[in-house]
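What follows is a set of notes on a single structure, which appears directly below.
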Amino acid sequence: MKVKVLCRNPDDYVRETTRDIQRVPRNYDPTLHPFEVPREYTRALNATKLERVFAKPFVASLDGHRDGVNCIAKHSKSLSTVLSGACDGEVKLWNLSKRECLRSVQAHEGFVRGICSRFCGSSFFTVGDDKTIKQWKMGPPGYGLKEEPLNTILGKAVFTGIDHHQSEGTFATCGQTVDIWDELRSSPIRSFSWGVDSFSCVRYNPVETELLASCASDRSIILYDMRESTPLKKVIMKLKSNTLCWNPMEAYYFTCSSEDYNLYTYDMRCLDSPVRVHMDHVSAVLDVDYSPTGKEFVSASFDKTIRIFPKDGGHSREVYHTKRMQHVICVKWSADNKYILSGSDEMNIRLWKANASEKLGVLTAREKAALHYNQKLRDKFQHHPQVRRIARHRHLPRGIFRQKRELKEIKEAQTRKEQNVRKHSKPGSVPLVTEREKHVVTVVE
Amino acid sequence: MLSGRRRKGYPAEVEKKTCTTKMAESSEVAVERKHVENKKKAPKRYWEETQNATKKVEAEKSSDESKQENTDKEKGKLTHDEWRKKKKERTHGKFISGKTDPFPGDAPIPEERMKKFQRGNKLEVPAGTRLKLRETLTRSEAGSDLAQNQSARYDLLLTEDAGFLEGEEDEDTCTISQEDIAEAVDITSGSKYFNLHLTQFGPYRLDYSRTGRHLLLGGRRGHVTCIEWQTKNLMCEINVMETVQDIKWLHSEAMFAVAQKKWLHIYDSSGVELHCIKKFNDVLRMQFLPYHFLLATASATGFLQYLDVSVGKEVAAIPTRCGRLDVMAQNPYNAVIHLGHPNGTVTLWSPNQKEPLVKMLCHRGGVRSLTVDKTGTYMVTSGLDRKLKVYDIRAFKPLHSFFLPAGASCLSLSQRGLLSAATGDIVQVYRDACGGAPVTKPYMAHRVRGTVWGVGFCPFEDVLGVGHAEGFTSMIVPGSGEPNFDALDMNPYRSTKQRQEWEVKALLEKVQPELISLDPGMLGKVDNATFEQKHKERVEAVGYDPLAHKKFKPRMRKRGRSSAGSVEKRKNKVAHEDQRDVIRKTVGERMEKEKKRKESAKVQLKGGELSVLDRFKKVG
């Protein structure tokens with residue numbers, strides 16, 4: 001007789017001392033792990049719920065301005081420094097990690113219309129309603145000295161925006177014309193206008209650094225090459241665009257925020273119709289900024305919310321609002337892809353997390369692994385109705401909720417009417433127009 | 001000749017390659033012969049095949065490289081980086097001495113073992129799939145492949161081997177007595193064979209906890225005791241002073257349920273009564289579904305009830321209308337409850353349905369006992385017709401049928417597929433009873449002192465517990481228990497802290513009772529329901545039909561224009577909107593046809609007088 005009976009030595013399975021870690025022998029045999037899919041689904045559901053539970057995006061509010069915040073700029077070298085300009089002409093420098101104001105400068109009389117930091121981070125430029133461009137040192141003035149601009153240029157008309165070149169000493173302003181300036185000269189080296197009386201925004205392309213785009217008040221978006229004397233081309237839309245932002249990774253795309261509650265992503269090479277229409281706001285969109293990864297962008301709206309859109313998604317993945325936040329005028333995505341800054345009418349700059357449920361601070365390896373696992377689970381089961389319902393749910397203020405419903409009704413009525421018109425007219429005389437084509441009037445080369 | 005054999009879809013280049021490799025091989029062989037003349041030929045190894053193949057490839061590569069080198073030399077200079085890269089390529093898989101790696105690449109994994117970890121079939125990305133989706137699919141497919149490989153490889157690291165019992169020649173293993181086995185094995189294992197003489201309150205039913213450390217005994221006349229059976233440590237011993245029908249551990253060894261004469265009671269491990277659940281009356285049999293935290297009870301009144309033990313609520317109460325329910329088993333694979341009935345049928349139940357999922361006629365007489373194996377493939381039943389039958393319950397087909405002279409009263413399947421059947425006071429254990437050829441004689445047999453009332457294999461141990469009229473017997477059955485446990489699922493050696501942690505985790509991933517169905521993987525499959533089906537479900541969920549046509553409601557107009565007549569007129573304008581479209585279309589088509597017919601007729605008429613031969617003309 002040959003016999004062997006299972007007999008385990010407990011020493012192989014129990015830790016030696018209480019200071020040791022527990023022994024965890026594994027066996028991946030599927031028959032020892034029944035209900036794989038239902039258990040995983042339950043985990044995914046829990047992970048989704050927890051994500052919503054921990055979604056507390058608001059980090060801090062920076063107060064100190066005495067009027068509405070009109071513009072924000074990121075420091076080009078330091079992550080923790082942010083510049084902001086208010087409607088009373090005051091410019092403040094903020095330290096984000098300490099959440100305090102480093103310095104404040106009375107830069108202009110009237111609004112500070114635009115602000116941008118030089119590529120080296122040593123100085124910054126502001127433009128204001130007093131028709132001046134001022135260059136300021138980033139650091140504080142020496143002991144006993146007054147705050148004085150390094151350089152002041154007096155222009156002919158009011159400037160409404162400014163942007164600095166990526167690597168050269170030139171910058172662009174917009175107002176009645178789009179001007180290219182050399183830092184060392186007091187008159188513009190180039191001046192563009194194309195039958196337009198005023199511009200609201202000008203932005204340099206981050207990759208093709210000689211290219212510029214601007215939003216004009218005649219509902220057009222105009223592209224320029226700095227090296228040429230005339231603008232390249234423009235696209236005229238049904239309603240005016242307020243600001244635009246280039247995608248930093250795929251720099252042939254730019255997104256513009258429009259007065260018609262939508263955002264439009266265009267391919268610079270083909271302006272006939274936007275690549276994507278981003279809808280969700282219920283009022284004019286005032287500002288837009290891309291994340292440094294170029295995968296998402298954030299938009300600020302007159303409806304007192306900011307929304308985060310995936311670059312190729314038609315609807316927002318996230319909406320941020322607070323009771324106290326009024327019309328959001330400017331918004332910026334921080335260079336480390338973690339935070340969003342919004343400046344609003346009620347004199348505050350707010351700091352938000354870009355990923356609402358993210359845990360801040362240093363994570364242990366186990367925490368990280370758990371987060372990754374939960375993320376993967378959520379991805380895997382994202383299309384299951386229960387998971388999707390929980391993941392999609394966002395609370396909206398009553399006003400916005402109602403407006404949203406109203407807009408939906410309006411849109412339904414319009415489509416219904418169009419259908420009826422099509423039904424009762426000669427076939428082919430009322431063509432189907434896609435949402436993307438609807439908003440473009442014409443492209444002028 | 002090669003070209004003659006060339007087939008469609010077998011490009012010429014490949015054949016050329018084979019030619020070159022052959023040549024390379026022959027040269028290699030010639031070289032080898034020079035060195036290894038006198039040595040004994042080594043036995044053939046499994047990797048030799050692959051080694052030859054790699055040799056071929058390497059030879060090819062080296063020939064290519066030498067060519068390249070020549071050209072390089074002609075070119076002259078090489079940068080340092082390029083040179084290093086080249087060197088690395090040249091010495092790839094070789095040692096500096098020039099030897100080659102005798103075990104190139106990863107060790108092959110046996111097909112059988114790979115199959116064990118396979119989940120579903122491999123996905124073929126259909127043609128015409130969009131690029132983004134195609135990438136996602138291939139990536140996920142690669143991920144699951146990797147996981148499968150890794151877990152198959154991990155099998156090597158499992159430490160324990162399963163037990164076995166082999167007789168000498170002409171010796172039946174079933175004739176070997178328990179005493180002999182206990183003597184032959186080591187002391188620890190030998191002590192696993194023991195008898196408890198409890199003559200006063202029998203017969204006994206038993207239940208092992210899921211870790212296999214704890215044993216619960218319930219005597220019919222009220223004696224309830226729980227024992228840490230390996231250390232023989234008595235945790236509690238009480239007499240409930242009532243008939244005990246059945247006993248069951250709940251999710252951990254801290255609590256157990258006792259079906260008493262009238263109601264269901266829950267006790268903790270020190271014997272304190274925690275709950276008396278009066279909603280569950282006359283319970284005869286119980287099953288605990290560990291991943292759902294459900295206690296399923298079958299009662300004498302014909303009710304199958306589910307109790308959620310995590311929140312203490314009754315999940316479902318199903319009137320089975322099948323009379324007294326005293327045969328019950330659970331399918332550990334999909335948590336479906338099997339009930340056996342006196343008319344020979346076995347019914348399958350889930351808490352979501354008031355009707356049985358399946359009803360199958362298994363025996364001529366009543367069903368005495370049934371059990372399901374842990375993979376959910378086989379169900380074993382025994383009936384009053386003294387037959388033991390094995391069913392494939394994925395296909396609901398009978399596999400084997402045995403005739404036992406006395407019939408089996410209690411059945412139990414072990415983790416590794418041994419079947420124990422109790423006939424009277426004899427417990428028989430069968431090996432390979434489910435799959436394979438029909439068995440002729442038992443693997444082991446043992447006679448206990450009284451009539452057997454309950455049998456159960458201990459998880460993760462080679463032990464079979466037998467409860468009978470005269471007490472309890474713990475039998476050694478080598479090869480019954482799973483040798484390697486997964487500590488994250490069930491750990492027999494867990495500490496209190498680990499148990500508490502496990503409890504929290506298990507509660508967090510408690511599977512909802514709605515997910516119990518015949519196929520537990522249903523949730524991971526693509527729902528290919530038709531639009532109509534989905535629409536129907538949506539209408540049911542929402543309570544109205546969101547796609548339904550809204551009834552036209554004429555707007556209220558002033559100055560007498562909303563008189564009944566004008567309202568009717570306006571209604572008539574849009575009445576039968578969808579039908580009109582259809583009518584318009586069909587009428588249009590008919591008109592078109594008519595027109596064509598007329599035209600063709602005209603053409604025929606134009607052709608002049610009809611001749612006799614015109615009937616053979618083709619009509620367009």
Side-chain angles (χ1 to χ4, degrees), chain A residues 1-15 17-18 20-47 49-50 312 370 373-374 376-377 379-387 389 412 416 419-420 423-424 427, chain B residues 116-117 119 151 154-155 158-168 171 173 176 180-181 184-186 188-189 192 291 332-335 374-376 460-462 476 478-479 481-495 497-498 508-512 515 520-524:
Chain A
M1 175 181 72
K2 262 162 71 180
V3 62
K4 180 192 178 279
V5 178
L6 262 185
C7 182
R8 300 189 188 87
N9 186 359
D11 290 347
D12 297 340
Y13 295 95
V14 180
R15 59 179 175 180
T17 66
T18 47
D20 206 354
I21 52 166
Q22 299 281 7
R23 288 192 179 156
V24 183
R26 300 298 313 271
N27 185 357
Y28 296 104
D29 188 348
T31 55
L32 286 182
H33 302 273
F35 306 106
E36 263 177 343
V37 181
R39 283 163 78 192
E40 215 168 44
Y41 170 77
T42 315
R43 277 183 211 160
L45 201 62
N46 286 343
K49 285 176 184 170
L50 283 179
D312 47 6
Y373 180 58
N374 280 351
K376 188 76 202 170
L377 281 176
D379 286 352
K380 188 172 174 183
F381 289 93
Q382 62 183 336
H383 298 299
H384 285 250
Q386 199 71 354
V387 175
R389 187 182 64 82
E412 270 172 12
R416 197 169 54 235
Q419 271 173 0
N420 284 343
K423 196 195 265 174
H424 294 105
Chain B
K116 189 167 133 193
F117 295 97
R119 274 127 174 128
S151 40
Y154 192 86
D155 256 17
L158 299 180
T159 47
E160 303 281 343
D161 293 321
F164 58 85
L165 173 68
E166 283 169 11
E168 264 140 54
E171 186 190 20
T173 48
I176 300 169
D180 290 346
I181 295 175
V185 296
D186 55 317
T188 335
S189 306
K192 286 173 187 168
Y291 294 98
Y333 169 70
N334 55 13
K374 72 167 179 176
T375 60
F460 309 115
E461 291 288 345
D462 282 345
I476 300 174
E482 172 65 44
N484 296 294
F485 56 86
D486 190 299
L488 289 191
D489 195 53
M490 262 306 132
N491 186 356
Y493 296 96
R494 66 188 177 188
S495 62
K497 204 86 195 160
Q498 274 178 307
L508 270 176
E509 58 185 50
K510 182 184 92 170
V511 182
Q512 289 304 313
L515 300 180
M522 192 62 106
L523 214 52

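Owing to the predicted nature of the structure, the values given are computational and were not obtained by experimental measurement. Order of the sequence lines fixes the chain letters, A, B, ..., with proteins taken first and strands second; residue numbering starts at 1 for each chain.
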- Note on the structure: In terms of heavy-atom pairs under 4.5 Å with chain B, the winner among Gln22(A), Glu40(A), Arg26(A) is Arg26(A)
- Query: When the ring planes of Tyr28(A) and Tyr154(B) are compared, do they come out parallel, tilted or perpendicular, using 30° and 60° as the limits?
  - Reply: perpendicular
- Query: What part of Ile176(B) is in contact with chain A, defined as an atom under 4.5 angstrom from a non-hydrogen atom: side chain, backbone, both or neither?
  - Reply: side chain
- Message: Are the side chains of Leu6(A) and Glu482(B) in contact, using a 4.5 Å heavy-atom criterion?
- Response: no
- Min side-chain heavy-atom separation Arg8(A)-Phe460(B) under 4.5 Å: yes
- Greatest number of non-hydrogen atom pairs under 4.5 angstrom with chain B, of Pro34(A), Pro10(A), Pro25(A), falls to Pro25(A)
- Which bit of Leu523(B) is near chain A, if near means a heavy-atom gap under 4.5 Å: side chain, backbone, both or neither? both
- Task: May I ask you to decide if Val5(A)'s main-chain N or O and Lys192(B)'s side chain share a donor-acceptor pair within less than 3.5 Å?
- Result: no
- Message: Contact between Val185(B) and Cys7(A) at the side-chain level, heavy atoms closer than 4.5 Å - yes or no?
- Response: no
- Against chain B, label His383(A) side chain, backbone, both or neither, depending on which of its atoms sit under 4.5 Å from a heavy atom there. neither
- Heavy-atom proximity to chain B below 4.5 Å, by part of Val24(A): both
- Message: At a 4.5 Å cut-off on heavy atoms, which part of Lys380(A) comes close to chain B: side chain, backbone, both, or neither?
- Response: neither
- Task: Evaluate the side-chain proximity of Lys510(B) to Thr42(A): yes if any heavy-atom separation is below 4.5 Å, no if none is.
- Result: no
- Message: So, taking the atom named CD in Glu168(B) and the one named CE in Met1(A), what distance separates them when rounded to the nearest 0.5 Å?
- Response: 8.0 Å
